[in-house]
A.B. asks: 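Dropping the structure in here first, questions after.
Quick caveat, the model's predicted, so the values are computed rather than measured.
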Amino acid sequence: RLVPGHSDLVGRGITRLQVAQRADGGFPFIRNESIFVTALAGIGLAGTSPRLTGRLLELADRIAKLQQPDGGWGYAVGVAQTDVDDTSVALEFLRAADSRRYRQEITAGLAYLRRIRGEDGGFPTFVPGAASEAAMTAAAANAIRPGDPEGTRTLRHALEFLAERQHSDGTFEPGWSRSRANAICRAVLAMRHAPHLDAPDVEALAGRFSARCSRYLLDTQNPDGGWGQLPGEVSDPISSAFSVTALSHVDHDDLTHDALSRGAHYLIGRQRSDGGFHCRPESVGPRPILFDVPILADLYPLLALGHLETAGLRIPPAAAPGTVHP
């Protein structure tokens, strides 16, 4: 506004702000996360509802068409800024839907991730050269597959980065979620690649890494079976879903299985009659300010229950009040 010759640009910006203004007079951080939540829903449905093949391909075709020229994806339709988080989730979904059908899009997306990767083996959120983040690195690792030398090398460095950035209590630095279990969940899923890298040192590292995650989650589970965003806080479905997903993919002993059983019963007990969930906001942006994406409360529990099935874990019926779960 203060620079001469920009009145047209300022006018267009004011018009866009007016469109985004809410009835209460305030403005949201973003208007929606349509690409992210669609891809996340696709991953959840692909893992739990194989009969929805046709519908999944409709979703995947839409996501594929929204890929940007640089090979990445933004968080919503009309957003030109691509990022590691949305690109990684989109790639995961396209693989789950039909990796052959979307071979071109997957190849371009992986090239995007290679270009943005940091020299430390980690991944930033938006641009090359920015500081790498644990949750973004885990997201990218979940989108990459070992098999070719480049993919194997990238994964190895990403897993080493995650192990180095893990705190002694099993957690990571805060990212785009207030829930400490978010990064833990993503990182545990990424560590599933370790046995396929033909690198005994990385596999041993992954074992120690997962043990720290397990200890943190077992220590912070609430008496009602759920988990809060931070230790000691009230349980919520999203944080509990992150925790259940992570615990589904670590070594299981009686304590872990009991925690998973109580966590699954917590989630099922919070499900509404329409199948959905309600949860307080956990997404943050601009960090550390919370903003609400209500459908995430439905998507993360769906993913968690799907991971329980994939892991082949049998959760017994809920025990009567006052008794101990078998």
A.B. asks: So do H307 and V244 actually touch side chain to side chain, heavy atoms under 4.5 Å?
C.D. replies: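 Sidechains of H307 and V244: no contact.
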
A.B. asks: For the backbone of D254 and the side chain of D258, can you confirm whether one donor and one acceptor N or O come within less than 3.5 Å of each other?
C.D. replies: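 Not at all, since once roles are kept as given, no pair shorter than 3.5 Å links the two residues.
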
A.B. asks: Regarding D236 and S239, is there a side-chain donor-to-acceptor distance under 3.5 Å anywhere?
C.D. replies: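 D236 vs S239: donor-acceptor pair found between side chains.
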
A.B. asks: So which heavy atom on I116 is nearest to which on P128, and how close?
C.D. replies: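 Of all heavy-atom pairs spanning I116 and P128, the closest is CG1-N, 3.6 Å.
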
A.B. asks: Answer yes or no: does atom CD of Q81 have more than 12 heavy-atom neighbours from other residues, nucleotides or ligands under 6.0 Å?
C.D. replies: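 Yes, enclosed.
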
A.B. asks: What's the shortest heavy-atom distance between V84 and P124, and which atoms?
C.D. replies: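 Heavy atoms only, the tightest pair is CG2-O, 3.1 Å.
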
A.B. asks: How far apart are the closest heavy atoms of A39 and V89, and which atoms are they?
C.D. replies: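 Where A39 meets V89 most closely, the heavy atoms are CB-CG1, 3.5 Å.
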
A.B. asks: Keeping S240 on the side-chain end and W227 on the backbone end, is there a donor-acceptor pair under 3.5 Å?
C.D. replies: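 Yes; at least one donor-acceptor contact below 3.5 Å.
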
A.B. asks: Check whether any side-chain N or O of Q229 sits under 3.5 Å from a backbone N or O of P281 as a donor-acceptor pair, and report yes or no.
C.D. replies: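 Indeed, once roles are kept as given, a pair shorter than 3.5 Å links the two residues.
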
A.B. asks: I'd like to know if R22 and D24 make a salt bridge, using a cut-off of under 4.0 Å between side-chain N and carboxylate O.
C.D. replies: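 Not counted as a salt bridge, because no side-chain N and carboxylate O are separated by less than 4.0 Å.
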
A.B. asks: Compute whether any side-chain donor of one residue and acceptor of the other, for S235 and Y266, lie under 3.5 angstrom apart.
C.D. replies: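 Distance-only check fails for S235 and Y266.
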
A.B. asks: Tell me yes or no: between the side chains of E133 and T125, is some donor less than 3.5 Å from an acceptor?
C.D. replies: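 Yes, side-chain donor-acceptor contact under 3.5 Å.
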
A.B. asks: Does a salt bridge link R156 with E160, judged by any charged N lying under 4.0 Å from a carboxylate O?
C.D. replies: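 Here R156 pairs with E160 in a salt bridge, since their nearest N and O are under 4.0 Å apart.
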
A.B. asks: Where do Y216 and F242 land on the ring-ring contact (aromatic ring centres under 6.0 Å, His included) test, with the steps shown first?
C.D. replies: CA-CA 13 Å; Y216 173 83; F242 292 148; over 10 Å; no

A.B. asks: Should the pair R186-E92 be classified as a salt bridge under the 4.0 Å nitrogen-to-oxygen rule?
C.D. replies: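 E92 and R186: not salt-bridged.
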
A.B. asks: Relative to each other, are the rings of F126 and W176 parallel, tilted or perpendicular (30° and 60° limits)?
C.D. replies: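 Because their plane-to-plane angle is over 60°, the rings of F126 and W176 count as perpendicular.
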
A.B. asks: I'd like to know if the side chain of N222 reaches the main chain of E233, judged simply by a donor and an acceptor atom lying under 3.5 Å from each other, with no hydrogens or angles considered.
C.D. replies: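 Judged by distance alone, yes, a pair lies under 3.5 Å.
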
A.B. asks: Hey, could you give me the OG1/CD distance between T87 and Q67, rounded to the nearest 0.5 Å?
C.D. replies: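 The CD atom of Q67 is 8.0 Å from OG1 of T87, to the nearest 0.5 Å.
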
A.B. asks: When you compare the side chain of V79 with that of D86, does any pair of heavy atoms fall below 4.5 Å?
C.D. replies: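 Side-chain contact under 4.5 Å: no.
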
A.B. asks: Side chains of F36 and D83, heavy atoms from C-beta outward: is any pair under 4.5 Å?
C.D. replies: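 Contact flag for F36/D83 side chains = no.
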
A.B. asks: Counting only heavy atoms not in R101, do more than 12 sit closer than 6.0 Å to its CZ atom?
C.D. replies: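 More than 12 heavy atoms, drawn from other residues, nucleotides or ligands, come within 6.0 Å of this atom.
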
A.B. asks: Kindly determine whether T38 and R62 satisfy side chain to side chain donor-acceptor pair (under 3.5 Å), including the steps that lead there.
C.D. replies: CA-CA 9 Å; T38 299; R62 175 65 171 152; over 6 Å; no

A.B. asks: Can you tell me if H196 uses its side chain to pair, donor with acceptor, with the backbone of A194 under 3.5 Å?
C.D. replies: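 Flag not set: sc H196 to bb A194 has no pair under 3.5 Å.
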
A.B. asks: Under a 4.5 Å cut-off applied to non-hydrogen side-chain atoms, are L260 and H252 in contact?
C.D. replies: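 When only atoms from C-beta onward are counted, H252 and L260 do touch, with a gap below 4.5 Å.
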
A.B. asks: Taking CZ in R16 as the centre, count heavy atoms belonging to other residues, nucleotides or ligands within less than 6.0 Å. Is the count above 12?
C.D. replies: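 Incorrect, the count does not exceed 12.
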
A.B. asks: Do S88 and L113 have side chains that approach each other closer than 4.5 Å (heavy atoms only, starting at C-beta)?
C.D. replies: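 Result yes, sub-4.5 Å side-chain heavy-atom pair found.
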
A.B. asks: Is it the case that the side chain of T137 and the backbone of F123 share a donor-acceptor pair, with hydrogens and angles ignored and the cut-off at 3.5 Å?
C.D. replies: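 Looks like yes, one N/O pair under 3.5 Å.
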
A.B. asks: Measuring from W73:CH2 to L91:CG, what's the distance to the nearest 0.5 Å?
C.D. replies: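 The CG atom of L91 is 5.0 Å from CH2 of W73, to the nearest 0.5 Å.
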
A.B. asks: Are E173 and R287 ion-paired here, with the side-chain N under 4.0 Å from a carboxylate O?
C.D. replies: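 So E173 does not pair with R287 through a salt bridge.
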
A.B. asks: Does S243 use its side chain to pair, donor to acceptor, with the backbone of L217 at less than 3.5 Å?
C.D. replies: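 Answer holds: no.
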
A.B. asks: Do F93 and L56 have side-chain heavy atoms sitting under 4.5 Å apart?
C.D. replies: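 Counting from C-beta outward, F93 and L56 do come under 4.5 Å.
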
A.B. asks: Over all heavy atoms of both residues, which pair between G42 and L59 is shortest? Give the atoms and the distance, please.
C.D. replies: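 Taking G42 first and L59 second, the nearest heavy atoms are CA-CD1, 4.5 Å.
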
A.B. asks: For G175, does its backbone N or O pair with a side-chain atom of R178 as donor and acceptor, under 3.5 Å?
C.D. replies: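 No; zero donor-acceptor contacts below 3.5 Å.
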
A.B. asks: Who passes side chain to side chain contact (heavy atoms under 4.5 Å, CB included) against A111, sequence neighbours left out?
C.D. replies: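 Side chain to side chain contact (heavy atoms under 4.5 Å, CB included) list for A111, sorted by chain: R114, R115.
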
A.B. asks: Roughly how far, to the nearest 0.5 Å, is CG of D298 from CG of L303?
C.D. replies: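 Between atom CG of L303 and atom CG of D298 there are 11.0 Å.
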
A.B. asks: Measuring only between side-chain heavy atoms, which start at C-beta, is I295 closer than 4.5 Å to V293?
C.D. replies: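 Counting from C-beta outward, I295 and V293 do come under 4.5 Å.
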
A.B. asks: Under the criterion side-chain contact (heavy atoms from CB on, under 4.5 Å), I'd like the reasoning laid out for N182 against F172: C-alpha separation, chi angles, the key distance, then a yes or no.
C.D. replies: CA-CA 9 Å; N182 174 275; F172 298 89; over 6 Å; no

A.B. asks: Could you tell me whether D61 and K65 have a side-chain N and a carboxylate O separated by less than 4.0 Å?
C.D. replies: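 Between K65 and D61 there is no salt bridge, as every charged N stays at least 4.0 Å from the carboxylate O atoms.
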
A.B. asks: Do the side chain of H265 and the main chain of G225 share a donor and acceptor less than 3.5 angstrom apart?
C.D. replies: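 Checked: no pair found.
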
A.B. asks: Take atom CG in D198; do more than 12 heavy atoms of anything else shown fall under 6.0 Å from it?
C.D. replies: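 It does not: D198 CG has 12 such atoms or fewer within range.
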
A.B. asks: May I ask you to test the R1-S7 pair for a side-chain heavy-atom distance under 4.5 Å?
C.D. replies: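 R1 does not reach S7 side chain to side chain.
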
A.B. asks: Report the distance from atom OG of S283 to atom CG of L296, rounding to the nearest 0.5 Å.
C.D. replies: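 Those atoms lie 5.0 Å apart.
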
A.B. asks: Nearest 0.5 angstrom please: I144 CD1 to I106 CD1, how far?
C.D. replies: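 CD1 of I106 is found 12.5 Å from CD1 of I144.
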
A.B. asks: Roughly how far, to the nearest 0.5 Å, is the CZ atom of R165 from the CG atom of D120?
C.D. replies: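 Here the interatomic distance stands at 7.0 Å.
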
A.B. asks: Can you confirm whether H167 is buried at NE2, in the sense that more than 12 heavy atoms of other residues, nucleotides or ligands lie under 6.0 Å from that atom?
C.D. replies: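 Result for NE2/H167: enclosed.
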
A.B. asks: Scan for salt bridge (Lys or Arg N to Asp or Glu O under 4.0 Å) pairs involving residues 203-227, sequence neighbours excluded, and state none if there are none.
C.D. replies: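 Output for this query lists D224-R270.
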
